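Note that ligands are numbered from 1 as they come in the structure, with each ligand's atoms numbered from 1 the same way. Everything quoted here is computed from the prediction, not taken from an experiment.
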Amino acid sequence: MTNTGIAMIGSGSATPPVSLDNQRLSQIVETSDEWIASRTGIRDRRVADPQTSLCSLATAASKQAIAMAQIDPSEIDLIVLATSTPDDLFGSASQIQAQLGATQAVAFDLTAACSGFIFGLVTAAQFIRTGVYKTVLLIGGDILSRWVDWSDRRTCVLFGDGAGAVVLQASECDRLLGFELRSDGTQNGCLNLSFQAQPQPLIDQITVSRGTYQPITMNGKEVYRFAVKKVPEVIEKALFRADLTVDQINWLILHQANQRIIDAVAQRLNIPSDRVISNLANYGNTSAASIPIALDEAVRAGKIKPGDVIATSGFGAGLTWGAAIFQWGI
Ligand code: UT7
């Protein structure tokens with residue numbers, strides 16, 4: 001038998017120490033704890049101070065995952081960093097590789113917004129399944145506070161910063177039971193963090209574009225509608241591929257964007273609330289980090305046990321969405 005299955009053998013997470021609760025946010029924009037909590041379920045979020053980088057959060061989360069997996073950093077063949085907010089637009093994964101001393105690993109960034117962890121998991125799995133790599137570190141991390149318009153109450157109350165990581169390893173038994181990934185660029189305008197060009201004439205007929213990225217804009221209602229419709233569908237598709245039914249799921253971990261979305265999806269799939277993992281009250285929407293942070297907290301709390309079947313789904317800008325069904329542990 002060949003080792004071309006995938007097992008998830010370690011997890012870790014890190015959030016910045018500075019918290020910004022709804023009460024304090026209401027001193028920045030016209031909002032209230034009541035509005036934010038009732039519309040989203042969020043009560044608090046962590047924000048990175050200028051000394052906290054994406055690499056520092058990702059490295060801290062990775063160290064925990066590596067320790068739980070009981071591997072040496074030199075055993076890691078590949079590091080995939082799912083992020084939309086790298087410290088360096090050329091990519092931040094290599095810096096993490098250096099900070100971890102993962103001397104043998106090749107490292108790259110992957111961008112799929114809030115679906116990044118799921119897209120990264122499936123990407124990592126392909127390298128393991130083909131037998132190319134044996135040990136992969138997958139990180140989901142974002143510092144969206146850098147890109148939020150702190151005067152826009154429709155968006156600034158939603159997001160928080162953090163990173164989560166998992167170690168994936170080749171295994172005889174394949175614990176990634178099924179997945180489905182989707183994109184729909186026709187709805188790209190619903191959620192953006194886009195570059196706005198400012199023409200700069202250089203010479204003769206040649207003009208280049210300088211400029212900068214504009215703060216996050218979102219059509220919340222459209223994204224909400226999209227999530228509530230598409231997430232149950234994509235989970236059902238992934239379950240079908242896994243040859244499993246909803247009753248066989250031990251835990252549902254959705255991208256932590258809005259408690260109302262989590263509740264609506266669970267209800268549509270007939271998953272009781274005691275099997276749904278949610279921590280967004282404490283962290284808000286941490287984008288690519290939300291699933292691995294929730295996973296790590298549940299593993300460390302002893303909720304998720306080896307062999308448990310987890311249905312997970314990410315959704316967000318792109319638009320992108322996807323689901324993966326996997327079993328925790330070796
Ligand atoms: O990770 C990416 C995925 N993103 C998401 O999943 C986000 C999905 N969307 C949502 O979660 C919800 O649409 C929101 C939480 C963003 C908004 O909730 P909503 O129930 O759709 O509210 P709304 O946008 O319809 O706004 C209702 C009212 C508006 O006032 P009017 O026009 O009715 O007078 C807003 O101006 O609430 C107002 N409002 C606020 N009031 C107090 C909007 N933001 C706030 C706020 N505080 N922070």
Heavy-atom proximity to [atom], best of [options]:
atom: atom 17 (C) of ligand 1; options: F226, Y224, W35; value: W35
atom: atom 7 (C) of ligand 1; options: E222, M218, E34; value: M218
atom: atom 6 (O) of ligand 1; options: N258, T286, I261, L319; value: I261

Exercise for the section: Report yes if the distance between the aromatic ring centroids of W147 and F159 is under 6.0 Å, otherwise no. Expected result: no
In terms of hydrophobic clustering (I, L, V, M, F, W, Y; side-chain heavy atoms under 4.5 Å; direct or indirect links), are [X] and [Y] co-clustered?
X: V167; Y: L121; result: no
X: V299; Y: I249; result: no
X: I304; Y: L138; result: yes
X: L319; Y: L144; result: yes

Practice task
Might you point out which heavy atoms bring S209 and F195 nearest each other, and give the distance in Å?
Solution key: OG-CE2, 4.1 Å
Handout entry: Closest approach of A61 to A163 (non-hydrogen atoms, all atoms of both residues)
Key = CB-O, 3.7 Å
Per-atom contacts, ligand 1 versus [X] - under 4.0 Å to a heavy atom:
X: C114; result: 1 (O), 2 (C)
X: H255; result: 1 (O)
X: L191; result: 2 (C)
X: F315; result: 6 (O)
X: N285; result: 1 (O), 2 (C)

Going by an N to O cut-off under 4.0 Å, is there a salt bridge joining [X] and [Y]?
X: E233; Y: K229; result: yes
X: D161; Y: R45; result: no
X: R146; Y: D87; result: yes

For [atom], is there a protein heavy atom at a distance under 4.0 Å?
atom: atom 22 (O) of ligand 1; answer: yes
atom: atom 1 (O) of ligand 1; answer: yes
atom: atom 42 (C) of ligand 1; answer: yes
atom: atom 31 (P) of ligand 1; answer: no

Practice task
Could you label the plane-to-plane angle of the F315 and H255 rings as parallel, tilted or perpendicular, counting under 30° as parallel and over 60° as perpendicular?
Solution key: perpendicular
Fill in the blank from the handout: dist L176:CG -> L168:CG (nearest 0.5 Å) comes out at 9.0 Å
Look at [atom] and say which protein heavy atom is nearest, naming residue and atom and giving the distance to 0.1 Å.
atom: atom 19 (P) of ligand 1; value: R39 NH1, 3.7 Å
atom: atom 5 (C) of ligand 1; value: V223 CG1, 3.5 Å
atom: atom 38 (C) of ligand 1; value: R153 NH2, 3.7 Å
atom: atom 15 (C) of ligand 1; value: T40 CG2, 3.6 Å
atom: atom 47 (N) of ligand 1; value: T31 OG1, 2.6 Å

Problem - Part of T155 within contact of ligand 1 (heavy atoms, under 4.0 Å) - result: neither
Exercise for the section: Of the side chain and backbone of V157, name the one, both, or neither that has a heavy atom under 4.0 Å from an atom of ligand 1. Expected result: side chain
Handout entry: Candidate list D44, V157, D33, T40, test side-chain contact (heavy atoms from CB on, under 4.5 Å), partner N22, passing option
Key = D33
Handout entry: Sub-3.5 Å N/O-N/O distance, G220 and ligand 1
Key = yes
Practice task
Say whether K221, considering both its backbone and side-chain N or O atoms, lies within less than 3.5 Å of an N or O atom on ligand 1.
Solution key: yes
Practice task
Run the contact test for F159 against ligand 1 with a 4.0 Å cut-off on heavy atoms, strictly below, and give the result.
Solution key: no
Practice task
Determine whether any heavy atom of I36 lies closer than 4.0 Å to an atom of ligand 1.
Solution key: no
Handout entry: Candidate pair S290 and Q256, rule side-chain hydrogen bond (donor to acceptor under 3.5 Å, both in side chains), full reasoning
Key = CA-CA 6 Å; S290 85; Q256 307 281 298; 5.6 Å; no
